[in-house]
Amino acid sequence: MENIIVAKFGGSSLADAHQFEKVKHIVESNPERKYIVPSAPGKRHGKDYKITDLLYLCHTHVQQGIPFDDVFKIIAERYTEIVEELSGRYNNMKDLDINHYLNVIKKDISEGASSDYTASRGEYLNGIILSTLLGYEFIDPADIILFDENGCLSSEGTQEAAHSRLIKINKAVIPGFYGSQCQGQCERHIKTFSRGGSDVTGAIVARAVNASLYENWTDVSGFLMADPRIVTSPHPIKTITYRELRELSYMGATVLHEDSVFPVREAGIPINIKNTNMPQEPGTLIVSDTKATNNIGTITGIAGKKDFTVITIEKNLMNTELGFCRKLLSILETHGVVFENMPAGIDSVSLVIADSQIKNKLENILHDIKRQCNPDSIEVLPNMALVATVGRGMSQSKGVAAKIFDALAKNTVNIRMINQGSSEINIIVGVENNDFEKAIRSIYETFM
Ligand code: ASP
């Protein structure tokens, strides 16, 4: 069977004409790259604007009855600059009349087009430019990515529509970030995913064409083992499993759009995070749990979050009391509070809750716990941070936990809580907020 690669390029990879050229070289360097998903132009430098942000701004201006010409002019200039520069180098770009598209969009926005339609035009225009540059067919995702009346992605309908349409086309560009929604008498309207949603489009396309690989091209050479604002020059992660990724992103590591993992994970398609500016680097490969080699004794990454409150409840013979945890959790439910973690001992149980959840509710929750659960003691630890050390190599090796605790002790980090998830690929320690950065550095150094 032939290999098919779906390549999604993020906003920084398509921010100007020079970046478009890099993308062209990358696509053309491997004929397996048959389906290409572009984002809208991102920032060219720190103080630049993202086109999507400017489009949302145009919409807000119209809503408030303020002229949006100045904002639209910045958008139009960015696209005309890209097309003009590319036209100077590639003949097939000369026939592209980008002003025609820009005029239609400006008119639609001025006539009150929806926020989703307006925002989606960033990807739409980039799709038009990239398909012309590559000589690939342009496919409007409004025809193949379908949302239901409630605004949720209709997975089966999308898979069917995308598969039957794309499979007949050898090479196509499909703009990211949007599809269409059926409303009222089933008139279709443009509907976007949440921000960063081109990742999701790429994953949907990869599943629809049964790709052998989903490449996600960005401006970093894959995921790093730890936050570079905390650890100096952390190593990149070469291979990570979907489960590890879930654990790390849950604990705060910024990775892919959450919803982008599901379609490819389900279909067993690996994702390769690659750097458009350094295409020779291997990046990070995300694979299914069975395909990863074991890496015994090593860790994959460290992530964490600050600002939690830990409530520890002790009660003698708690383990024999029928329904104790149910009572405890129903108190949280009544107060509309979700918890992150629930490490338990024989006669004690702790609830780890984000401060943002428990704000203004703590007193009432404690009151209800005392009244309904009748505990021997309740201890409240505020200002806590959670640090998660994640690695598939942990489950079969001895001493990983000992190494973590030893590193923390040597660096005088006081561990206030320990939890090893039942998946055995994650050891979470609770430390004080003040020790958060030190804890991450200590664990990183001991393993690297
Ligand atoms: N352009 C959209 C955004 O800025 C979607 C994306 O880039 O993935 O959120």
Please check: side-chain N/O of [X] versus main-chain N/O of [Y], any donor-acceptor pairing under 3.5 Å?
| X | Y | answer |
| --- | --- | --- |
| Thr118 | Ser114 | yes |
| Asn126 | Gly122 | no |
| Ser260 | Val200 | no |
| Arg416 | Val431 | no |
| Gln181 | Glu149 | yes |
| Tyr35 | Ile169 | yes |

Evaluate the side-chain proximity of [Y] to [X]: yes if any heavy-atom separation is below 4.5 Å, no if none is.
| X | Y | value |
| --- | --- | --- |
| Ile237 | Leu224 | no |
| Asn30 | Ile5 | yes |
| Met417 | Pro343 | yes |
| Arg78 | Ile51 | yes |
| Cys325 | Met342 | yes |
| Ile302 | Phe447 | no |
| Val338 | Gln357 | yes |
| Ile129 | Leu86 | yes |

Taking atom types as modelled and ignoring hydrogens, do the side chains of [X] and [Y] form a donor-acceptor contact shorter than 3.5 angstrom?
| X | Y | answer |
| --- | --- | --- |
| Tyr178 | Asp140 | yes |
| His257 | Ser194 | yes |
| Thr300 | Glu244 | yes |
| Asn91 | Lys94 | yes |
| Asn433 | Asp307 | yes |
| Arg207 | Gln159 | yes |
| Asp148 | Ser154 | no |

- [ ] Output, in order, the C-alpha distance, side-chain angles, deciding distance and verdict of salt bridge (Lys or Arg N to Asp or Glu O under 4.0 Å) for Arg326 and Glu333.
- [x] CA-CA 10 Å; Arg326 185 191 48 74; Glu333 200 176 334; over 6 Å; no
Open item on the list: Please confirm whether the ring centroid of Tyr242 lies under 6.0 Å from the ring centroid of Phe262.
Closed with: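 Distance test on ring centres: not under 6.0 Å, no.
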- [ ] Check the angle between the aromatic planes of Tyr124 and Phe138 and answer parallel, tilted or perpendicular using the 30° and 60° thresholds.
- [x]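 The rings of Tyr124 and Phe138 stand perpendicular, inter-plane angle above 60°.
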Any chance [atom1] of [X] has more than 12 other-residue heavy atoms, nucleotides or ligands included, within less than 6.0 Å?
| X | atom1 | value |
| --- | --- | --- |
| Phe339 | CZ | yes |
| Arg229 | CZ | no |
| His163 | NE2 | no |
| Glu156 | CD | no |
| Glu160 | CD | no |
| His367 | NE2 | no |

Considering all heavy atoms of both residues, which atom of [X] and which atom of [Y] are nearest to each other, and what is their separation?
| X | Y | answer |
| --- | --- | --- |
| Ala388 | Asn426 | CB-OD1, 3.4 Å |
| Asn272 | Gly283 | ND2-C, 4.1 Å |
| Thr309 | Val380 | CG2-CG1, 3.7 Å |
| Glu123 | Pro38 | CG-O, 3.5 Å |
| Arg441 | Ile230 | NH1-O, 3.0 Å |
| Arg33 | Glu215 | NE-OE1, 2.7 Å |

Task: Lys107: partners by side-chain hydrogen bond (donor to acceptor under 3.5 Å, both in side chains), with sequence neighbours left out - done: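 For Lys107 the side-chain hydrogen bond (donor to acceptor under 3.5 Å, both in side chains) partners, ignoring immediate neighbours, are Glu111.
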If the threshold is 4.0 Å, N to carboxylate O, is there a salt bridge linking [X] and [Y]?
| X | Y | value |
| --- | --- | --- |
| Glu437 | Lys306 | yes |
| Asp16 | Lys43 | no |
| Asp70 | Lys73 | no |
| Asp69 | Lys106 | yes |

Task: Tyr90 six-ring face occupied by Lys24 cation (under 6.0 Å, within 45°) - done: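 Relative to the ring axis of Tyr90, which defines the angle, Lys24 lies inside both limits.
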Open item on the list: Could you tell me if Arg121 sits above the aromatic ring of Tyr117, with its cationic atom closer than 6.0 Å to the ring centre and no more than 45 degrees from the axis?
Closed with: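 Here Arg121 passes the 6.0 Å and 45° test against Tyr117.
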Task: Residue among Asn275, Asn277, Thr284 satisfying side chain to side chain donor-acceptor pair (under 3.5 Å) with Ser221 - done: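 Among the candidates, only Asn275 passes.
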- [ ] For Phe193 and Phe147, run ring-ring contact (aromatic ring centres under 6.0 Å, His included): C-alpha distance rounded to whole Å, both residues' side-chain angles, the deciding distance at 0.1 Å, then the answer.
- [x] CA-CA 10 Å; Phe193 291 107; Phe147 292 83; 5.1 Å; yes
- [ ] Given salt bridge (Lys or Arg N to Asp or Glu O under 4.0 Å), test Arg89 with Glu21 step by step and report yes or no.
- [x] CA-CA 10 Å; Arg89 283 170 235 155; Glu21 281 199 277; 2.2 Å; yes
